[in-house]
There are 2 protein chains.
Amino acid sequence: MKTPISTLVPVTARDVARELNLSQPTVSRILSGDVRHRASEETRKRVWETAERLGYRPNAVARSLRHGRTNVIGIHTNHKYDVRNDFLGTIVGALQCACGAYHLDLMLHNSLGSPAETLFDKLRDGRIDGLILHVGTDDPLFEILGTSPLPVVTVADSLPNLPAVMCDDASGMEQLLELLWQRGHRNFAFLAPHIQLPSVERRKKAFESELKRRKVPAHARRVISINYEQASSALEELQQNSPVAVCCWNDRTAYNLLRECLQRGIRVPREIAVTGFDGFRDDQLPARELVTVNCPWENVAEKALEKLVELIDLRQKKQMPPAPEEIRLPVTILDGDTI
Amino acid sequence: MKTPISTLVPVTARDVARELNLSQPTVSRILSGDVRHRASEETRKRVWETAERLGYRPNAVARSLRHGRTNVIGIHTNHKYDVRNDFLGTIVGALQCACGAYHLDLMLHNSLGSPAETLFDKLRDGRIDGLILHVGTDDPLFEILGTSPLPVVTVADSLPNLPAVMCDDASGMEQLLELLWQRGHRNFAFLAPHIQLPSVERRKKAFESELKRRKVPAHARRVISINYEQASSALEELQQNSPVAVCCWNDRTAYNLLRECLQRGIRVPREIAVTGFDGFRDDQLPARELVTVNCPWENVAEKALEKLVELIDLRQKKQMPPAPEEIRLPVTILDGDTI
DNA sequence: TTGTAGGCGTTATCAA
DNA sequence: TTGATAACGCCTACAA
């Protein structure tokens with residue numbers, strides 16, 4: 001059995017060349033599988049053998065420098081969560097899978113720790129070919145990225161002047177309300193987070209306009225602000241207006257609300273009906289089956305990557321990118337037993 | 001307001017130098033903040049201004065080539081899951097946070113799609129300074145990595161000749177059995193997956209030896225093989241020997257078992273008591289509170305990164321790494337209502 | 001079929 | 001204080 005020589009220093013093409021009294025480019029040509037360039041069978045064989053024996057591997061950093069392309073894409077979010085978050089985890093997971101098909105690798109950029117400006121530098125220091133972005137409009141990043149040469153595609157939340165792939169939040173909310181309406185609900189509430197997210201704004205807007213269209217009076221379609229995902233603060237107000245159908249801005253909030261109801265003995269859905277949004281329902285757990293909007297986040301990630309690769313290829317050819325476009329993917333309803 | 005010039009091509013130090021009729025190295029020295037090298041105040045100012053105006057950012061790829069160091073570390077698993085998996089998600093999340101302190105970035109390597117050999121090439125092509133590894137012993141990778149110059153630390157499951165950081169699985173199982181014993185249980189079962197994982201083997205071994213020590217007869221400490229996390233196939237055997245305390249090899253299996261019990265009307269813990277392992281309990285959901293072993297996976301990730309950084313620094317100084325060491329972190333019990 | 005020269009963008013060492 | 005030169009490892013064009 002052949003064992004590659006154990007070394008503390010990586011082996012270069014030059015090392016292989018020296019070993020055989022050849023020039024470094026000759027070795028490089030043979031090993032990079034250049035079809036046009038025919039070398040003598042004899043030489044090819046010796047080069048391949050020696051390369052394997054010495055454990056040669058082409059250095060990707062040098063390659064990247066030469067080609068002006070790293071085959072790595074980055075993902076960045078300015079929200080305070082890491083990959084353990086439902087949303088980010090799903091996006092990253094799907095990206096990770098999709099990257100395989102394009103022979104790309106994925107780099108996680110941590111806003112955690114470094115200020116935005118430093119991060120911005122890192123994002124365009126040539127280590128990534130493109131970026132998948134998920135940020136709120138409060139991030140200073142997007143202003144700069146709009147004018148930078150780095151190809152960027154945003155997911156879930158759109159930003160001005162950047163291409164975006166997202167879910168059809170408005171349609172999701174409308175479908176949700178239609179279902180609630182069919183089940184006889186006439187009193188509604190929307191639980192919205194304090195933070196501003198374009199996707200949540202769209203959900204809220206659709207909540208209001210759709211119910212207005214159905215002639216629901218203002219007191220029966222209230223919007224209640226909560227601290228991020230903490231539903232408890234809203235419970236008193238909800239109970240006073242029970243029975244009520246509560247549309248939570250995301251699934252986690254809905255689960256929090258369900259738990260609170262369980263603890264306080266509030267009957268679901270009799271007194272309070274609960275819906276989520278996102279489709280992060282965990283069917284494995286012996287809990288209630290949450291009614292929610294099934295958002296195709298995997299498809300969002302895949303589509304975003306597809307767009308990003310297009311942009312990267314264009315830039316490689318030094319062509320101007322097309323005008324930024326917004327893609328909205330259709331959503332469906334996941335029925336359950338909480339309404 | 002200064003707006004950086006929008007360009008399709010990145011700006012280099014050479015561009016800045018040309019603009020000012022200076023040499024490229026001079027610009028580089030000033031901008032890289034070399035303290036020893038005093039340049040005239042006048043020049044410094046002009047260089048900084050021009051750099052900002054043109055939107056210059058040092059190219060990290062070139063820097064990496066020069067320094068022989070990328071400040072990126074990789075993470076790889078050969079299991080079929082991506083970052084959405086509880087375990088991997090936690091490890092990656094914790095690494096992501098910990099990387100901030102070391103000014104490192106994290107790259108996800110997808111075994112998904114590319115064969116192991118290709119992956120192996122990628123792992124040592126110079127794009128990462130070190131690797132966090134989580135693989136089963138069936139992976140061909142570890143044989144080769146043992147002799148490669150790339151610093152590697154494994155997590156959760158140790159491999160021969162590689163430093164490892166893991167949880168004290170044996171102690172966790174012993175604590176679990178002690179608790180079950182106190183609560184009066186005398187009939188036990190261990191649900192093990194078909195796949196071979198060193199960590200699970202340790203849990204299984206501890207299950208057997210600890211119960212043997214307590215003089216539990218063989219028929220009251222059975223080991224049942226299941227397909228990965230699917231507990232249902234074991235239910236018949238479990239019911240026939242009820243009441244029984246079931247130690248699942250991980251939390252997900254335990255939750256699956258709980259769900260099956262719920263659906264079939266089997267009382268927990270009366271007929272079947274359930275414990276998990278790992279500490280991936282979701283307290284947010286209105287479900288049963290699983291009794292499980294709280295494994296400090298975040299600490300595992302942090303410790304592994306710490307070790308990896310040490311190895312990287314050593315290699316940078318071209319020193320030999322120390323003999324591989326195994327670090328086991330202590331675990332505790334999370335009590336609940338399922339035993 | 002193979003070697004030489006040059007450059008990707010940066011940093012380090014020298015000399016001016 | 002600054003500039004020239006070389007090197008990191010690779011690839012491409014051209015010349016031999």
Side-chain angles (χ1 to χ4, degrees), chain A residues 7 9-48 51 54-71 121-122 124-127 129 149 316 318, chain B residues 7 9-48 51 54-71 121 124-127 129 149 315-316 318:
Chain A
T7 41
V9 216
V11 181
T12 72
R14 183 177 228 109
D15 296 330
V16 177
R18 245 196 303 264
E19 187 89 358
L20 296 169
N21 282 320
L22 285 170
S23 76
Q24 176 268 317
T26 303
V27 169
S28 187
R29 273 180 307 230
I30 291 174
L31 293 177
S32 59
D34 190 342
V35 245
R36 301 174 317 165
H37 181 84
R38 279 206 57 77
S40 77
E41 267 312 314
E42 167 67 11
T43 315
R44 298 175 90 82
K45 223 182 85 183
R46 286 196 309 155
V47 167
W48 275 106
L54 299 182
Y56 167 75
R57 289 300 142 198
N59 182 305
V61 176
R63 267 192 166 147
S64 297
L65 183 59
R66 187 62 237 265
H67 288 135
R69 180 162 180 163
T70 60
N71 292 313
D121 289 353
K122 278 170 56 178
R124 37 172 310 204
D125 65 5
R127 277 190 309 193
D129 293 339
Q316 191 85 349
K318 299 192 195 299
Chain B
T7 40
V9 215
V11 179
T12 72
R14 184 175 227 109
D15 297 329
V16 178
R18 245 197 302 264
E19 187 90 358
L20 295 170
N21 282 322
L22 286 170
S23 76
Q24 177 269 318
T26 302
V27 168
S28 187
R29 273 180 308 229
I30 291 175
L31 292 177
S32 61
D34 190 341
V35 243
R36 301 175 316 167
H37 181 82
R38 280 205 52 79
S40 77
E41 267 312 316
E42 167 68 11
T43 314
R44 299 174 90 80
K45 222 181 85 183
R46 285 195 309 151
V47 166
W48 275 107
L54 300 181
Y56 167 76
R57 288 302 142 198
N59 181 306
V61 176
R63 268 191 167 150
S64 296
L65 182 60
R66 188 64 240 261
H67 286 137
R69 181 163 181 163
T70 60
N71 291 314
D121 289 353
R124 37 171 313 204
D125 65 5
R127 278 191 308 194
D129 292 339
R315 194 181 82 122
Q316 191 85 349
K318 299 191 195 300

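What you are looking at is a predicted structure, and each value in this text was computed from that prediction instead of being measured. Every chain is numbered from 1 and lettered A, B, ... according to where its sequence line falls, protein lines coming before strand lines.
Fit an axis to the five pairs at each end of the helix from C/dT1-D/dA16 to C/dA16-D/dT1 and the two axes sit 50° apart, to the nearest 10 degrees.
Under 4.0 Å is where a charged nitrogen must lie from a carboxylate oxygen, and between B/D129 and B/R69 at least one such pair does. Contact check on B/D15 versus B/R18 returns a salt bridge, with a Lys/Arg side-chain nitrogen under 4.0 Å from an Asp/Glu carboxylate oxygen.
Between C/dT2 and A/S40, a contact under 4.0 Å exists linking OP1 or OP2 to a side-chain N or O. Within the 4.0 Å cut-off from OP1 or OP2 of C/dT2, not a single side-chain nitrogen or oxygen of A/T26 is found.
Atoms CD and NE2, on A/Q316 and A/H67 in that order, are 9.0 Å from each other to the nearest 0.5 Å. Rounding to the nearest 0.5 angstrom, the gap separating the CG atom in A/L22 from the CD1 atom in A/I30 is 7.0 Å.
Residue contacts for A/S23: at a heavy-atom cut-off of 4.0 Å it reaches a base atom on one of the strands shown. When heavy atoms are screened at a 4.0 angstrom cut-off, A/T43 is found touching the sugar-phosphate backbone but no base atom.
Residues B/P10 and B/R57 fail the side-chain proximity criterion, which asks for heavy atoms closer than 4.5 Å. By the 4.5 Å heavy-atom criterion applied to side chains, A/R44 and A/V47 are not counted as neighbours.
The side-chain contact (heavy atoms from CB on, under 4.5 Å) check on B/S28 picks up B/Q24, with sequence neighbours excluded. Residues satisfying the side-chain contact (heavy atoms from CB on, under 4.5 Å) test with B/N59, not counting sequence neighbours, are B/V61, B/A62. Remark: A/R14 pairs with no residue by the salt bridge (Lys or Arg N to Asp or Glu O under 4.0 Å) rule, at least two apart or across chains.
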With the criterion being N/O to N/O and under 3.5 Å, what pairs connect the protein with nucleotides 14-16 of chain C, and how long is each?
none

Can you tabulate the close N/O pairs, meaning under 3.5 Å, that link protein atoms to atoms of nucleotides 6-10 of chain D?
{"unit_1": "D/dC10", "atom_1": "OP1", "unit_2": "A/Y56", "atom_2": "OH", "d": "2.9"}
{"unit_1": "D/dC10", "atom_1": "OP1", "unit_2": "A/N59", "atom_2": "N", "d": "3.1"}
{"unit_1": "D/dC10", "atom_1": "OP2", "unit_2": "A/A13", "atom_2": "N", "d": "2.8"}

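What separates CG of A/D125 from P of C/dT11 is a distance of 12 Å, to the nearest Å. The nearest whole Å value for the distance from the CD1 atom in A/I30 to the C1' atom in D/dC11 is 14 Å. Nucleotide C/dT2 holds its P atom 13 Å from the CG atom of A/L31, rounded to whole Å.
Distance alone, capped at 3.5 Å, is enough to place a donor-acceptor pair between the A/T70 side chain and the A/R127 backbone.
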Side chain to side chain donor-acceptor pair (under 3.5 Å) between A/R46 and A/T43, intermediate numbers included: CA-CA 5 Å; A/R46 286 196 309 155; A/T43 315; 4.9 Å; no
